[in-house]
Protein chains: 2
Amino acid sequence: MRLEWLEDILAVIDTGSIRAAAERRAVTQPAFSRRLRAIEARLGVELFDRSRKPVVVHPAIAARAEEFRQAAAALAEMTAELRRAGRARHGRLVIASQHAMTATLVPGLVAAELGAEGPGLRLRTANREDCLALLMTRQADVMIGYQTMAEAAADPGAFLERAALGTERLVPVATPALAARVPAAAELPVIAYPADAFLGRVVAAEIQPRLGPGLRLLPRVETALTLAGQGFARRGIGIAWLPAGVARADLDDGTLVDLSDVLPATRLSIVALRLALDHGPAAERLWQALCRPAASPAQGGTGGAAAP
Amino acid sequence: MRLEWLEDILAVIDTGSIRAAAERRAVTQPAFSRRLRAIEARLGVELFDRSRKPVVVHPAIAARAEEFRQAAAALAEMTAELRRAGRARHGRLVIASQHAMTATLVPGLVAAELGAEGPGLRLRTANREDCLALLMTRQADVMIGYQTMAEAAADPGAFLERAALGTERLVPVATPALAARVPAAAELPVIAYPADAFLGRVVAAEIQPRLGPGLRLLPRVETALTLAGQGFARRGIGIAWLPAGVARADLDDGTLVDLSDVLPATRLSIVALRLALDHGPAAERLWQALCRPAASPAQGGTGGAAAP
DNA sequence: GGGGGATCATGCCGTTTCTGCATGTTATTT
DNA sequence: AAATAACATGCAGAAACGGCATGATCCCCC
């Protein structure tokens with residue numbers, strides 16, 4: 001028996017169909033169908049009545065759903081606890097942060113606030129979704145990431161604690177040559193974020209609607225990685241919406257110019273998140289240090305450097 | 001988390017070394033070493049201190065051994081229970097039997113004793129070790145197999161219940177042509193059983209030592225499958241030691257002749273085994289029917305046919 | 001402290017398992 | 001009866017896994 005099997009079975013029980021369960025388990029329907037067959041074969045039990053079209057979970061199996069749920073939770077808890085203990089053995093704390101912040105904001109936070117804490121600190125960087133997954137599976141103690149102002153105003157939910165670290169502007173930038181052509185242009189070459197990435201949703205929700213009516217965005221390249229977007233912008237491929245902290249150095253030395261007077265910009269909230277659970281003393285210290293608002297170097301700063 | 005992972009970890013905890021644990025888990029040491037690394041990687045935790053030569057389980061992990069054991073037991077129990085319930089849904093009983101008996105003895109038992117029970121009965125055939133595994137994992141309700149007379153006299157252990165169904169002779173047989181050469185020969189071509197198979201051990205322990213001093217066995221082919229051995233014997237490849245029930249038809253029609261007057265034979269006990277646990281009503285009826293000694297058609301019979 | 005032996009790791013390669021995509025089949029709906 | 005949605009299947013590429021041979025360490029004992 002495997003935790004994955006329990007989760008697969010529960011997905012079918014919960015969603016009521018293989019197709020929907022496949023989606024929840026993030027595989028294609030054929031692959032998931034096979035997986036279920038394999039589970040049945042290895043278990044030696046027929047779990048579903050496949051003669052019905054949305055498959056029906058055999059009643060004897062459905063009756064055990066709660067048992068499955070508990071076993072799955074116990075296993076998940078066991079591995080989470082193992083991870084926590086494993087880290088504790090090294091006296092390590094793990095911070096998960098979104099790619100864009102790793103190079104700019106986070107080093108400042110860590111250096112400024114955690115000087116003495118330093119040695120046992122590890123940084124993992126990923127996209128926002130994966131960061132959240134690291135947090136939920138307890139592979140990370142704290143996550144630092146962006147939220148939209150709307151998200152930051154909403155209740156974080158019962159499982160999460162949140163601390164606001166500041167805000168940062170998401171500004172349109174381009175090379176001076178490209179920028180000069182912007183006011184007259186009807187089509188703007190842009191570095192786009194994928195629609196399913198966090199910044200892609202932000203741009204779609206908060207930037208696109210505020211563009212002038214005759215103005216169209218023409219995606220030249222698409223990347224989820226802010227730093228890659230910065231690279232393209234530097235080469236004049238298109239306009240990129242970058243966090244101010246990422247763009248600051250290029251803006252200062254004139255490689256890029258700020259277009260936020262002619263194109264919409266928006267503001268992102270920078271937050272720290274952690275599970276609302278027991279934490280070790282080191283994790284607690286880290287959290288307290290992050291929460292101390294005075295120490296926060298956010299507000300568009302590059303971390304460590306003073307804000308204007 | 002997977003049951004297999006827990007079992008792997010527990011194997012190391014119990015045996016104190018990777019090599020020994022690999023043996024217990026029935027894979028080679030390199031493969032097992034890799035498996036452990038993969039588990040550590042996927043768990044994100046270092047489980048062992050590999051700088052010591054028999055690896056040392058990290059104390060934080062060793063401290064959780066009991067937790068692991070309970071989780072493993074719970075998972076194993078859950079799958080076993082699922083299997084039982086799955087079978088019960090079909091009203092099915094599963095009998096595991098050794099290959100050799102499936103064709104001869106078991107049909108007689110089933111037909112004679114279970115006439116009415118018939119429809120929901122399923123027969124699985126495997127070697128003795130796998131039959132036992134089927135029993136232990138509750139994929140089978142009852143196992144029917146051979147034991148040596150010594151085994152049959154010993155305590156079956158706390159987990160197993162045993163019922164003696166009779167005995168059967170293991171007799172040396174050969175084609176008439178080959179048999180004619182036996183008395184004078186110093187080397188006998190034989191159909192050998194693998195040393196790690198049940199009958200291989202029986203031959204090694206009870207037949208070999210009783211051979212005349214000047215007599216050598218020359219394995220011509222090796223097979224664990226009695227019926228395959230019979231096929232070879234029929235073609236005159238060598239002498240085979242076969243259960244009387246298997247050989248009977250060939251002996252009756254003269255295809256093979258019985259050499260037990262010039263070569264050692266031995267006697268095997270035919271037993272039914274089941275786990276000493278709760279059983280469903282159908283399983284209980286089956287067991288009672290098997291235990292009824294009068295009905296047993298054993299004693300070398302081919303099952304169904306009357307014994308001499 | 002220097003073999004000798006045991007334990008674990010690694011390179012290589014064949015086998016098995018798993019996945020996605022495209023497409024076929026079947027139950028359900030209208 | 002046709003349309004639709006749900007599930008299965010054929011296929012090919014990728015990843016995981018195992019065994020074997022061999023290399024690198026650690027432990028023990030003289």
Side-chain angles (χ1 to χ4, degrees), chain A residues 1-59 61-62 79 86 129-130 133 194-196, chain B residues 1-59 61-62 79 126 129-130 133 194-196 222 224:
Chain A
M1 180 58 77
R2 304 179 178 186
L3 174 57
E4 299 91 318
W5 294 0
L6 291 173
E7 291 171 338
D8 284 350
I9 297 170
L10 285 169
V12 177
I13 292 177
D14 291 345
T15 64
S17 88
I18 291 183
R19 191 199 56 74
E23 191 172 332
R24 173 158 140 188
R25 300 290 286 145
V27 291
T28 60
Q29 171 268 317
F32 192 67
S33 175
R34 271 189 253 265
R35 224 155 77 173
L36 292 178
R37 278 202 182 284
I39 293 173
E40 288 182 322
R42 289 225 230 168
L43 237 39
V45 179
E46 185 179 90
L47 298 170
F48 312 106
D49 178 359
R50 291 162 190 273
S51 70
R52 301 304 191 77
K53 252 333 158 47
V55 286
V56 173
V57 181
H58 275 309
I61 303 302
T79 74
E129 191 173 333
D130 289 347
D196 59 343
Chain B
M1 181 58 77
R2 304 180 179 186
L3 174 55
E4 302 87 44
W5 293 0
L6 291 173
E7 290 171 338
D8 284 349
I9 297 170
L10 285 169
V12 177
I13 293 176
D14 291 346
T15 63
S17 90
I18 291 184
R19 191 199 55 74
E23 191 171 332
R24 172 159 140 188
R25 300 289 287 145
V27 291
T28 60
Q29 171 268 317
F32 192 67
S33 175
R34 268 190 257 266
R35 228 157 74 173
L36 292 178
R37 277 202 183 285
I39 293 173
E40 288 182 322
R42 290 227 231 167
L43 238 38
V45 179
E46 185 180 89
L47 298 170
F48 313 106
D49 177 359
R50 292 162 190 272
S51 70
R52 303 301 192 76
K53 247 341 165 14
V55 288
V56 173
V57 182
H58 275 308
I61 304 300
T79 74
E129 191 173 333
D130 290 347
D196 58 344
E222 190 178 80

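Excluded from the calculations below are hydrogen atoms, water molecules and symmetry mates; all remaining heavy atoms, backbone and side chain alike, are included. A note on names: the letters A, B, ... follow the listed sequences, proteins ahead of strands, and every chain is numbered from 1.
- With sequence neighbours left out, the salt bridge (Lys or Arg N to Asp or Glu O under 4.0 Å) criterion links B:R37 to no other residue.
- Applying the side chain to side chain contact (heavy atoms under 4.5 Å, CB included) test to B:A20 and every residue at least two apart in sequence or in another chain returns B:T15, B:S17.
- The heavy-atom pair separating B:A62 from B:V57 by the smallest distance is N-CG1, 3.7 Å.
- Atom CZ in A:R25 sits about 12 Å away from atom P in C:dG20, given to the nearest Å.
- Contacts with DNA chain D (heavy atom under 4.0 Å) in residues 31-43 of chain A: A:S33, A:R34, A:R37, listed by number.
- When distances run from any side-chain atom of A:V55 to the nucleotides C:dC8, D:dC7, C:dC21, the shortest one goes to D:dC7.
- Annotation for A:V12 and A:L36: closest pair CG2-CD1, 3.7 Å, computed over non-hydrogen atoms.
- Every residue meeting the salt bridge (Lys or Arg N to Asp or Glu O under 4.0 Å) condition with B:R25, not counting sequence neighbours, appears here in chain and number order: B:E7, B:D8.
- Atom CG of B:D49 and atom P of C:dC8 are 12 Å apart (whole Å).
- Counting only residues at least two apart or in different chains, side chain to side chain donor-acceptor pair (under 3.5 Å) contacts with residues 46-58 of chain A comprise A:E40-A:R50, A:E46-A:H58, A:D49-A:S51.
- For the residue pair B:V45 and A:G86, the shortest heavy atom distance occurs at CG1-CA, 4.1 Å.
- Taking five base pairs at each end of the helix from C:dG1-D:dC30 to C:dT30-D:dA1, the local helix axes there meet at an angle of 40°, rounded to 10°.
- Contacts of B:R24 classified as side-chain hydrogen bond (donor to acceptor under 3.5 Å, both in side chains), with partners at least two apart in sequence or in another chain: B:D14.
- Applying a 4.0 Å cut-off to non-hydrogen atoms, the residues of residues 2-21 of chain A that approach DNA chain D are A:S17, A:I18, A:R19, listed by residue number.
- The CG-C1' distance, from A:L47 to D:dC7, rounds to 16 Å in whole Å.
- Checked by distance alone, A:Q29 brings a side-chain donor or acceptor within 3.5 Å of a matching partner on the base of D:dA8.
- Across all their heavy atoms, B:F48 and B:V55 have their closest contact at CB-CB, 4.3 Å.
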Short N/O separations, protein against nucleotides 24-28 of chain C, under 3.5 angstrom:
from   : atom 1 : to    : atom 2 : distance (Å)
C:dT26 : O2     : A:K53 : NZ     : 3.0

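- Taking B:R2 as the reference, A:E4 meet the salt bridge (Lys or Arg N to Asp or Glu O under 4.0 Å) condition, with sequence neighbours excluded.
- By the salt bridge (Lys or Arg N to Asp or Glu O under 4.0 Å) test, B:E222 is found to be paired with no residue, residues two or more places apart in sequence or in another chain being considered.
- The two residues B:G16 and B:P54 have their closest heavy-atom pair at O-CB, 3.9 Å.
- Residues satisfying the side chain to side chain contact (heavy atoms under 4.5 Å, CB included) test with B:A38, not counting sequence neighbours, are none.
- Taking the side chain of B:P30 as heavy atoms from C-beta on, and the options D:dG19, C:dC21, D:dC20, the nearest nucleotide is D:dC20.
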